[in-house]
J.: 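Quick one: this structure, given as structure tokens, is what I'll be asking you about.
Given the structure is predicted, the values throughout are model-derived calculations rather than measurements. As the structure lists them, so they are numbered: ligands from 1, and atoms in each ligand from 1. Position 1 is the first residue of the sequence; numbering continues from there.
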Amino acid sequence: DAVAQLAVAGVALHPDWLVEGRDAADLRGSEPPARPRWSVTGRAVLTADGEPLPGGLAPARRVPPTSADHAGIPTWPTAGQPVALGQHTALGQHAAGGQPVGPGQLATAGRAAGEPTRETLVGHFLTTARDMLAAQRDVLLSYLGAPTTPTVPVAVGVGAAAPAAVQPVVPVTGPPAGTVSAASDGVTSGGDGRPDAADGLRDVGDVVPGAGTGGGRAAVDVGAVVLDLIAGNTGYPTEMIEPDLDLETDLSVNSIKRTEIAGLLTQRLNLTDALGPRAVEELSRLRTVRTITTWLTERTAGSGPATPATPSAPSTFPAPPTATAPPTATAPPTATAPPTATAPPTATAPVTLVGPGEPGARGGGRAPTRFVLTTVPAPLIAGTADLTGTADLTGTIDLTGTAWTVFGDVTAHDVADPVAGRLADLGATVTARTAAELAEAPPQRLDGLVYLCGWGRAEGEPELPETFAAIRAALQAGPRWVLAVSALAAADPAGSTGPGPALPTERAAGLRGLFRTLAREYPDRLVRLVELDDAASAADILAAELGRSTATGAVAVHRGGTRHGEQLTAMPVGPLAAAGAGPAADGAAEAEALGLDRDAVILLVGGARGITAGFTTLLAGAARCRLELAGRTAPPAAEDPRTAGIADRAGLIQAVRELGHRTPGEARRAVAAILARREIAATLADVAARGGQARYRQLDVLDADAVAQAVKQVFARHGRLDGVVYSAGVIEDALVADKDPQSFRRVFDTKVAGARALLAALAELPVQPRFLTFFGSIAGVLGNRGQGDYAAANDALETLGAAWARRRDTRTITVHWGPWAPSAAHPGMVDPGLEAEFARRGVDLIDPDEGHLCLLRELAWGPRDAHAVVYSASGW
Ligand SMILES: NC(=O)c1ccc[n+]([C@@H]2O[C@H](COP(=O)([O-])OP(=O)(O)OC[C@H]3O[C@@H](n4cnc5c(N)ncnc54)[C@H](OP(=O)(O)O)[C@@H]3O)[C@@H](O)[C@H]2O)c1
């Protein structure tokens, strides 16, 4: 540099000596080197002419304003001046007249001279992003030796491929008489005027909010909309859904799904505002297409431009053969006003799970975060949500004139007598009943209910599902206090409950899940499960709990003289369990850590279908071990050629009807059986392709003898059993108020009676498996509207598993899953309707691959004494 500066300054220099004796050449007489063909900078690859490579990524350039952007205003910014991206954020900050405007007004008011619109900028951003991805794809393809396809530039802009949110809404006015109106783009019709075949609940997002409050309405036949929505949500062809079929019994549309459909109907018909929030509830109680159509048609009479010409018209259905009046919606039972007390509401705000650094979304779901439910001190606060203003921490509350029922273990006198006595002392009229008596003859009037559970004996069969009928019957009498008092399980033979987690007795298994759900379904009542380690203090504690609501949920644990609430806490198990042992993510390292090799034997009950099938195939590839699968479905066999080639559900329904399954129920069952067997066959094929060995057997876990037999046979065949995964489960969702006790039993027993049969069978083996895993659900941990039975069942699994682990010193863990994203091969319980509902609620779903790996890592590297854990991709 110094020599060069001297030369430039005119100093006579003789630099030859600098290169003397070195390997140097004098270039003065030589040819200049060829210009480079490419120059590569940190930002772009350019040709010798400084142009981007043909088909390559174009460097950033200034966005020229279009004629649409100008709107008569010249130049933005000063020609030739580069624009930094940060400047865009300042756009629109000064409206005409110098008034500042917010960012939301960017595209409309106050655009400075020649500024591109927001849509134009977004369009350019999308084009560039797309080009960038295409370039990356080409690099990868070239690297992998595949031919690349040239990138064809695609203009992205408003009106072409712009995001749906900026699509203009074109109003259509003037509905003909006899129709009601819908948001103009609420119904996405195909050429035949029907919604797309599979739209169903998924069309929630298509409805333009508030579009109907203005004039944007188009004529819609109510009956056709009702029919289409039900068809879209059930998979039945519209012609099969006769107007008077019962949605629940004939078409298996349960009350939860009816509520979803009712919500969609009011949205589609743009009636949400006109009818108010109670309309959906009322509508969801109607059970035929005809009554729903009539109800909607009548309600829309006189609602602005949507008014049909006559209230009774129109219907797409012929009149029923016999003129039966459509059932009118019945109002929910109303509570008799109490003379002296009002119940405080129970806090049931949606639960947001906050975890550290959630991994990003992938495919149809996200990687889940690991949580553990712990108990934290949660003292009652004097005066909080006080019933009468007289309650205090000693339990002074005036219950004069209120009617109470104490039921359950009423012969456990050490608890029942003081509890009933204390309620009476506070002024209540108290009746003691057994569960059977209460179920058969619930009182006409009931202000408070106390269920004494698990006091007679701690071990043995859970009191649920038997006592559910009594709880439901009592709820129908409208009590405003709904309490259960149960005993905590002893952690050791001496009867101590601590240290370690506070667990219910096996008799009370499932009560936590049920009460968490009741608190969600009855938010205006005090719903609480009070668990105690000291029977002698039951009456005092109950009286203290009566008057107060806390934000710590429906379960109160009194242990060692301290009151606790529950808290779900993100608790990663360390880097290995969080991310695995290497980038392969094939589970091999985890399987090895778990001690699984080719000789290992794993029994997976429910392992051939749904979310467990993916875990089965992961094990097959990772450990190549021997897999014993079981489920109710008959083993796969050659399929009838008349259905074999049909993939879609509607086509299958049509085909099985032609095969003689005429009624909707028969057709639905026949199609479900075909799909189940195909799914099992696919799982077995996948296992084989990954080098594993699987055998499938038909087994109903409700048959305890068959379960014992199956476990015995598996052990006898292989001489070992290394691990067991129990994921059998069914759902039959309905609100507790509508829940048939037999249905509650089916859902509960599939999990709980099946698991108890499994544990009894394992107890007979000479060597215990190294691990046992129950598939539970987040619904059991947090409760879920419409899933009282399912929540109870999953919660009960945890209690049974923990008791088993304590008794047998065997590693047993219940994994409570959040909802999973359905995969095409193994959809599991999350059907399209449920998936749409989760999307509406903003609940993220678990990515199946990530979920399976999480389970394997939990088993490989998670703490051995963890009895339950929650994996969820989202809040609840
Ligand atoms: N999918 C989710 O988002 C999710 C979320 C949380 C928890 N879970 C839990 O994960 C487990 C699997 O659910 P999934 O979504 O995969 O549902 P799924 O596809 O319906 O699988 C349920 C499995 O249980 C079996 N099963 C049901 N009743 C049975 C019985 N009486 N005897 C023997 N096997 C029986 C089924 O086999 P057959 O049909 O052949 O009987 C099937 O293999 C369930 O326990 C569920 O509670 C799932």
J.: For residues Gln693 and Arg624, is any side-chain donor paired with an opposing acceptor at under 3.5 Å?
T.: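 Note: Gln693 and Arg624 side chains miss the donor-acceptor criterion.
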J.: Among all protein heavy atoms in this structure, tell me which lies nearest to atom 22 (C) of ligand 1, with the distance rounded to 0.1 Å.
T.: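 Here the nearest protein heavy atom works out to Gly729 O, 3.6 Å.
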J.: Closest non-hydrogen protein atom to atom 33 (C) of ligand 1, residue and atom name please, with distance?
T.: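 Of every protein heavy atom, Leu699 O, 3.0 Å lies nearest to atom 33 (C) of ligand 1.
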J.: Give me the residue, atom name and distance of the protein heavy atom closest to atom 25 (C) of ligand 1.
T.: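 Residue, atom and distance for the closest contact: Ala728 CA, 4.0 Å.
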J.: Using distance alone, decide if ligand 1 has a nitrogen or oxygen within less than 3.5 Å of any nitrogen or oxygen in Arg609.
T.: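 Between Arg609 and ligand 1 (N or O atoms, distance only) the closest approach is under 3.5 Å.
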J.: Under a 4.0 angstrom heavy-atom cut-off, which atoms of ligand 1 come close to Gly776?
T.: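 Near Gly776, meaning under 4.0 Å from one of its heavy atoms, ligand 1 has 6 (C), 7 (C).
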J.: Quick one: look up the protein heavy atom nearest atom 44 (C) of ligand 1 and list residue, atom name and how far away it is.
T.: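 Result: Ser727 O, 3.2 Å.
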J.: Taking Arg516 for its side chain and Asn784 for its backbone only, find out whether a donor-acceptor pair lies under 3.5 Å.
T.: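 Not at all, since once roles are kept as given, no pair shorter than 3.5 Å links the two residues.
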J.: Would you mind listing which atoms of ligand 1 come within a distance below 4.0 Å of any non-hydrogen atom of Gly818?
T.: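 The atoms of ligand 1 under 4.0 Å from a heavy atom of Gly818 are 5 (C), 6 (C).
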J.: May I ask you to identify the nearest protein heavy atom to atom 31 (N) of ligand 1, giving residue, atom name and distance to one decimal place in Å?
T.: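 Minimum-distance protein heavy atom for atom 31 (N) of ligand 1 reads Asp700 OD1, 2.9 Å.
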J.: Check whether any side-chain N or O of Glu666 sits under 3.5 Å from a backbone N or O of Arg662 as a donor-acceptor pair, and report yes or no.
T.: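 Side chain of Glu666 to backbone of Arg662: a pair is present.
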J.: So does Gly621 get a backbone contact from the side chain of Arg690, meaning a donor-acceptor N/O pair under 3.5 Å?
T.: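 Such a contact is absent between Arg690 side chain and Gly621 backbone.
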J.: Show the atoms of ligand 1 that are less than 4.0 angstrom away from any heavy atom in Lys751.
T.: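 Taking each heavy atom of Lys751 in turn, ligand 1 has 44 (C), 45 (O), 46 (C), 47 (O) under 4.0 Å.
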J.: Within the distance-only criterion (no hydrogens, no angle test), does the side chain of Asp795 pair as donor or acceptor with the backbone N or O of Arg512 below 3.5 angstrom?
T.: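 Yes.
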J.: Only heavy atoms of Val830, strictly under 4.0 Å: list the atoms of ligand 1 that pass.
T.: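 Those atoms are 3 (O).
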J.: Run the numbers for me: atoms of ligand 1, each under 4.0 Å from some heavy atom of Thr633, listed by number.
T.: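 Checking each atom against Thr633, I get 38 (P), 39 (O), 40 (O), 41 (O).
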J.: Are the side chain of Thr612 and the backbone N or O of Gly610 linked by a donor-acceptor pair below 3.5 Å?
T.: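 Flag not set: sc Thr612 to bb Gly610 has no pair under 3.5 Å.
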J.: Counting heavy atoms only, which of Phe615, Tyr871, Trp817 comes nearest to atom 6 (C) of ligand 1?
T.: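 When every heavy atom of Phe615, Tyr871, Trp817 is considered, Trp817 comes closest to atom 6 (C) of ligand 1.
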J.: My question is simple, although I want it checked carefully: is atom 10 (O) of ligand 1 less than 4.0 angstrom from any protein heavy atom?
T.: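 So far as the 4.0 Å threshold goes, atom 10 (O) of ligand 1 is in reach of a protein heavy atom.
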J.: Around atom 48 (C) of ligand 1, find the nearest protein heavy atom and jot down its residue, atom name and distance.
T.: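 Minimum-distance protein heavy atom for atom 48 (C) of ligand 1 reads Ile611 CD1, 3.5 Å.
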J.: Going by distance only, is there an N or O of Arg632 that falls short of 3.5 Å from an N or O of ligand 1?
T.: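 There is such a contact, yes.
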J.: Looking at Val605, is its backbone amide N or carbonyl O close enough to the side chain of Ser727 to form a donor-acceptor pair, meaning the two atoms are under 3.5 Å apart?
T.: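 Side chain of Ser727 to backbone of Val605, a donor-acceptor pair under 3.5 Å: yes, one is there.
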J.: Output the list of atoms in ligand 1 that are nearer than 4.0 Å to some heavy atom of Val730, sorted by atom number.
T.: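 This gives 27 (C), 28 (N) as the contact atoms.
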J.: Mark whether atom 36 (C) of ligand 1 lies under 4.0 angstrom from at least one protein heavy atom.
T.: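 Under the 4.0 Å cut-off, atom 36 (C) of ligand 1 has no protein heavy-atom neighbours at all.
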J.: Quick test: of every protein heavy atom, which one is nearest to atom 46 (C) of ligand 1, and how far off is it to 0.1 Å?
T.: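 Atom 46 (C) of ligand 1 sits closest to the protein heavy atom Tyr790 OH, 3.3 Å.
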J.: Is the closest N or O pair between Ser777 and ligand 1 shorter than 3.5 Å?
T.: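 No; the residue has no nitrogen or oxygen that sits under 3.5 Å from a nitrogen or oxygen of the ligand.
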J.: Could you tell me if Gln567 and Thr374 have a donor-acceptor pair between their side chains, going purely by distance under 3.5 Å?
T.: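 No, Gln567 and Thr374 have no side-chain donor paired with an acceptor closer than 3.5 Å.
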J.: When you compare the side chain of Gln787 with that of Ile731, does any pair of heavy atoms fall below 4.5 Å?
T.: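 Counting from C-beta outward, Ile731 and Gln787 do come under 4.5 Å.
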J.: Kindly confirm or rule out an N or O of Trp820 lying under 3.5 angstrom from an N or O of ligand 1.
T.: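 Yes - when backbone and side-chain N and O of Trp820 are compared with those of ligand 1, one distance drops under 3.5 Å.
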J.: At what distance is the nearest protein heavy atom to atom 20 (O) of ligand 1, and which residue and atom is it?
T.: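 For this ligand atom, the closest protein heavy atom is Met829 CG, 4.0 Å.
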J.: Please confirm whether His867 and Trp804 have ring centers closer than 6.0 angstrom.
T.: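 So the answer is no for these two rings.
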J.: Provide the number and element of each atom of ligand 1 under 4.0 Å from a heavy atom of Gly606.
T.: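 The atoms of ligand 1 under 4.0 Å from a heavy atom of Gly606 are 43 (O).
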J.: Can you find an N or O of Thr750 that's nearer than 3.5 Å to an N or O of ligand 1?
T.: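 Between Thr750 and ligand 1 (N or O atoms, distance only) the closest approach is not under 3.5 Å.
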J.: Quick one: does Glu521's side chain have a donor or acceptor within less than 3.5 Å of a partner on Val736's backbone?
T.: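 Yes, Glu521 side chain to Val736 backbone: donor-acceptor pair under 3.5 Å.
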J.: Which one of Lys739, Arg746, Lys751, Arg745 satisfies the side chain to side chain donor-acceptor pair (under 3.5 Å) criterion with Asp789?
T.: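 It is Lys739; the other options fail the test.
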J.: Would you say Pro819 contacts ligand 1, with heavy atoms under 4.0 Å as the rule?
T.: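 Distance cut 4.0 Å: Pro819 passes for ligand 1.
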J.: Suppose I only count heavy atoms of Gly610 and a 4.0 Å limit; which atoms of ligand 1 are within that range?
T.: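 Counting from 1, the qualifying ligand atoms are 16 (O), 19 (O).
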J.: Do Thr616 side-chain atoms and Gly607 backbone N/O form a donor-acceptor pair below 3.5 Å?
T.: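 Between the backbone of Gly607 and the side chain of Thr616 there is a qualifying donor-acceptor contact (under 3.5 Å).
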J.: Ignoring hydrogens and geometry beyond distance, is a side-chain donor-acceptor pair present between Tyr696 and Glu628 at under 3.5 Å?
T.: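 The answer is no; no qualifying pair exists.
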J.: So, the side chain of Ser874 versus the backbone of Asp844: is there a donor-acceptor pair under 3.5 Å, distance only?
T.: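 Answer holds: yes.
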